[in-house]
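Model, not experiment: these values are computed from the prediction.
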Amino acid sequence: MADADEVARKLGHAAAGDLILHLPLRYQDETRLTPLRDARLGETVQVEGRVVHAEVRPGPRRQLVVEIEETGDGSARLFFRLLHFYPSQVAQLRPGARVRLYGEIRPGFFGAEMVHPQCRLVREDTPLPETLTPVYPSVAGLSQNTVRKAVAAALATADLADSLSDSSSDSLSDGLPGRLGLPTFAEALTALHHPPPDADLAALETRAAPAWRRIKFDELLAQQLSLRLAARRRQTLTAPVLAGDGGLGARLLAGLPFGLTGAQRRALAEIHADLAGARPMNRLLQGDVGSGKTLVAALAVLPALAAGRQVAVMAPTEILAEQLYLKFAEWLAPLGIAVVWLAAALKGKAKKQALADIESGAAPVAVGTHALFQAGVGFRDLALAVVDEQHRFGVGQRLALRDKGADGKGATPHLLMMSATPIPRTLAMSYYADLDVSVIDELPPGRTPVVTKLVSARRRDEVIGRLRDYCRTGAQAYWVCPLVEESEKLQLRAAEDSHAELVARLPELAIGLVHGRMKADEKAAVMAAFKAGALHLLVATTVIEVGVDVPNAALMVIEHAERYGLAQLHQLRGRVGRGARESACVLLYEEPLSETARQRLRVIRDHADGFVIAREDLRLRGPGEFLGARQSGQRILRFADPETDTDLLEQARDVAGTLLADDAGAVERHLARWLPRGFDYLRA
Ligand code: ADP
Ligand code: MG
């Protein structure tokens, strides 16, 4: 048998002991035998019989066909076929052998049959299992049998069976599970791995059974405990006290043709209050696309600069970072504050100089991508880090950032994150429990609402014609290429194809192309040309999804809109409607459109508010994906779902408070079980 630790690792766990929490997907009832004559078509059953005849049928699909009869009386017969088999099986399945099969009865050529059932040779007196047989999540190359044995061994080692009656295996103190209406840990695990034959299978499979609720509660509790402990640790850290901007903000605002919105002012006041405190700020600035977060950020950093300290500003992509750089430079340069641009393309001397200035403190503000900052940039005096579009970073990255910032004087820098992706309340309560949030819930005045149209791709020619007329009036437009999730190469090809086609069909227009595979300086050149109005049309992949700000571009066409997520479409659409021009977004979709896809596109067409869109998105696709791969690389919670397990989440929150206040032992036991290697949900 494979080494238990190795089995565990293949299944995505760190060690064999973790397999006790490798929970079944479903169960097979092998506790009963159905007499052959009672086996009905369409039913999944376990039967036993004696082999009458077995033969290998040659042909393109070689198979082993076996006929069995009821043991003893031969009163009924059944065929079964094995599609993959070993010579040893052919040898074993000789007439007279006794077999136990588990599978679905289907109509076959010779009557009822099973196709590739689970098949075991048994002796006269092989007892039936007394509990349901678990079917575990597995991976290629690991059979159910191997997984079952490894999990059973882990359970035996954990010695839960003996402690069913006492509470020594429970991380929660005596009586607490009962008061919460939950089983003990040992009861829960036994009920999940080896449920009795009369278990409520529906409740097990929908994860609503008490045993499941206990596991989910435990997981949520561990998360709450670890978040609260992290918040406590943060309260023990000191940060630079940054009070007042020495009039810089007033000067910056005096140079703008507009004033702050009320919401921007409120958010800014909250940030400045944090900076004036001695604890590191950990604040998320949330505001819909176009709500003016960048300006708030630029004003927010002024107290740090007034105090002569340094500020880092970062974005997930080069294009975004550059947009930020341009804005910061535009607003801060008139105040006599130099902004350093840490472009990936920076080479040789220029790069050395930039890094040296950051290290010496001569550069008060540095803007770049997260990657660049990670690659060994040392600040002399970092007091505040600003992270734009934080939803594109993993939760772990934001923490790493904070760790990195320590300035050698024992102070931790403040952290300001920005995001246009609203976090639903329940998620905020769990994943983001250690975060303070400021919301900009108002758009600057004078925005022209974007008219969104759903247009079948069959009318593509017509759309291209309209685009020509539109650009001839001096307006600019985006053409967003289809998303090809499977392959960046294919995506690039799609973008190049669209570009070539549009160039051929619209010879009178200047058309640029920008995509993720381009070198940073090539990208920057195309973006600059578009911004300067030298290009009518910009063909782009999702690299323009966020941050790009060209007010004269007021029309956007998105190809294969049905392939995009709603949040992405909303972000993309946010690139238009930034100036005084009437703006439109055309969502080209490929027919036929599934009902859900149609509903999703209608949400985008009918709503402009990112919060409403996020809520509808959640409703249409369920919360599992909300913090999906793109955000964190892995699901942070394995069992619980904060959106549907709200009651458990609230219980876990309360219990976490009580335990932290008066049961340090339980806290320790619980975290030792759920975060055995000091695993931190924040770093997941
Ligand atoms: P986002 O919140 O999506 O990052 P931006 O910061 O890019 O939005 O702002 C969008 C545009 O609105 C920018 O051109 C910015 O200069 C402008 N803007 C910001 N604040 C205001 C305001 N109070 N009044 C008018 N325009 C504003
Ligand atoms: Mg922005």
For this session: Decide side chain to side chain contact (heavy atoms under 4.5 Å, CB included) for Leu601 and Val603; before the verdict, give the C-alpha distance in whole Å, the side-chain angles of both, and the deciding distance to 0.1 Å.
Result: CA-CA 5 Å; Leu601 289 181; Val603 169; over 6 Å; no

For this session: Mind running side chain to side chain contact (heavy atoms under 4.5 Å, CB included) on Val386 and Met314 for me, showing each step along the way?
Result: CA-CA 6 Å; Val386 178; Met314 57 205 89; over 6 Å; no

For this session: Under the side chain to side chain contact (heavy atoms under 4.5 Å, CB included) rule, what do Leu382 and Arg309 come out as? Steps first, then yes or no, please.
Result: CA-CA 6 Å; Leu382 184 63; Arg309 310 282 308 249; over 6 Å; no

For this session: Quick one: do Leu454 and Tyr589 satisfy side chain to side chain contact (heavy atoms under 4.5 Å, CB included)? Show the steps, please.
Result: CA-CA 7 Å; Leu454 307 185; Tyr589 63 85; 4.0 Å; yes

For this session: For side-chain hydrogen bond (donor to acceptor under 3.5 Å, both in side chains), just list the numbers for Arg283 and Ser438, CA-CA rounded to whole Å, side-chain angles, deciding distance to a tenth of an Å, and then say yes or no.
Result: CA-CA 7 Å; Arg283 188 170 283 278; Ser438 294; 2.9 Å; yes

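Note that CG of Leu324 and OG1 of Thr369 are 11.5 Å apart. Values are rounded to the nearest 0.5 Å. A distance of 11.0 Å separates CG in Asp609 from CD in Glu616, rounded to the nearest 0.5 Å. Annotation: the span from Leu335 atom CG to Arg251 atom CZ amounts to 5.0 Å, rounded to 0.5 Å. For the atom pair Glu330 CD and Thr294 OG1, the distance stands at 11.0 Å (nearest 0.5 Å). With rounding to the nearest 0.5 Å, the separation of CZ in Arg605 from SG in Cys585 is 12.5 Å. Note that OG of Ser291 is 10.0 Å distant from CE of Met418, once rounded to the nearest 0.5 Å.
Of the possible donor and acceptor atoms, none in the side chain of Arg600 sits under 3.5 Å from a partner among the backbone N and O of Glu595. Looking at Arg380, its side chain does come within 3.5 Å of a backbone N or O of Ser360 through a donor-acceptor pair. Looking only at distances, no side-chain donor or acceptor of Gln286 sits under 3.5 Å from a matching main-chain atom of Ala420. Side chain of Ser583 to main chain of Gly577: a donor-acceptor pair is present (N/O by atom type, distance under 3.5 Å, no hydrogens or angles). For Gln476 (side chain) and Cys471 (main-chain N/O), no donor-acceptor pair under 3.5 Å exists by modelled atom type. In this structure, His536 contributes its side chain and Ala510 its backbone to a donor-acceptor pair below 3.5 Å.
We find that Glu462 and Arg459 are joined by a salt bridge, their nearest charged nitrogen and carboxylate oxygen being less than 4.0 Å apart. A salt bridge links Arg458 and Glu591; the closest N-O separation between the charged side-chain nitrogens and carboxylate oxygens is under 4.0 Å. For the pair Glu270 and Arg266, the salt-bridge criterion is not met [side-chain N within less than 4.0 Å of a carboxylate O]. Taking 4.0 Å as the cut-off between side-chain N and carboxylate O, Asp388 and Lys293 do not count as a salt-bridged pair.
Taking both residues in full, the closest heavy atoms of His414 and Met281 are given as ND1-N, 2.9 Å, listed atom of the first, atom of the second, then distance. The minimum heavy-atom distance between Trp341 and Gly368, with the atom names listed, is CZ3-CA, 4.0 Å. In plain terms, the two heavy atoms of Ala329 and Pro334 that are nearest each other are O-CD, 4.0 Å. Counting all heavy atoms, side chain and backbone alike, Tyr325 lies closest to Val339 at CE1-O, 3.5 Å. Of all heavy-atom pairs between Phe530 and Leu537, the closest is CE1-C, 4.2 Å. Nearest heavy-atom pair, Arg265 versus Leu260, reported as atom, atom and distance to 0.1 Å: NH2-O, 3.1 Å.
Among Leu588, Leu538, Ile511, Leu555, the one residue that satisfies the side chain to side chain contact (heavy atoms under 4.5 Å, CB included) test with Trp479 is Leu588.
Contact of the Val463 side chain with the Val557 side chain is registered, since non-hydrogen atoms from C-beta on lie closer than 4.5 Å. Residues Leu416 and Val387 form no side-chain contact, since every pair of their non-hydrogen atoms from C-beta on lies 4.5 Å or further apart. In this structure the side chain of Val365 never reaches within 4.5 angstrom of the side chain of Gln310, judged on heavy atoms. Contact annotation: the side chain of Met417 approaches that of Asn282 to within less than 4.5 Å [non-hydrogen atoms, C-beta and beyond]. With contacts defined as side-chain heavy-atom distances shorter than 4.5 Å, the pair Asp436/Leu284 does not qualify. You'll find the side chain of Lys327 stays beyond 4.5 Å of the side chain of Leu295, heavy atoms only.
A donor-acceptor pair shorter than 3.5 Å can be found between the side chains of Asp288 and His570. A donor and an acceptor atom, one from each side chain of Ser498 and Glu559, are located under 3.5 Å apart. A donor-acceptor contact closer than 3.5 angstrom links the side chains of Thr452 and Arg573. Side chains of Glu501 and His499: a donor-acceptor N/O pair is absent below 3.5 angstrom, by distance only.
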Show me the donor-acceptor pairs, under 3.5 Å and distance only, between side chains in residues 296-308 and residues at least two apart or in other chains.
none

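More than 12 non-hydrogen atoms from other residues, nucleotides or ligands lie less than 6.0 angstrom from CZ of Arg460. At most 12 non-hydrogen atoms from other residues, nucleotides or ligands lie less than 6.0 angstrom from CD of Glu582. Other residues, nucleotides and ligands place more than 12 heavy atoms under 6.0 Å from the CZ atom of Arg468.
Residues satisfying the side chain to side chain contact (heavy atoms under 4.5 Å, CB included) test with Gln353, not counting sequence neighbours, are Asp357. Applying the side-chain hydrogen bond (donor to acceptor under 3.5 Å, both in side chains) rule to Thr261 yields the partners Gln264; only residues at least two apart in sequence or on another chain are considered.
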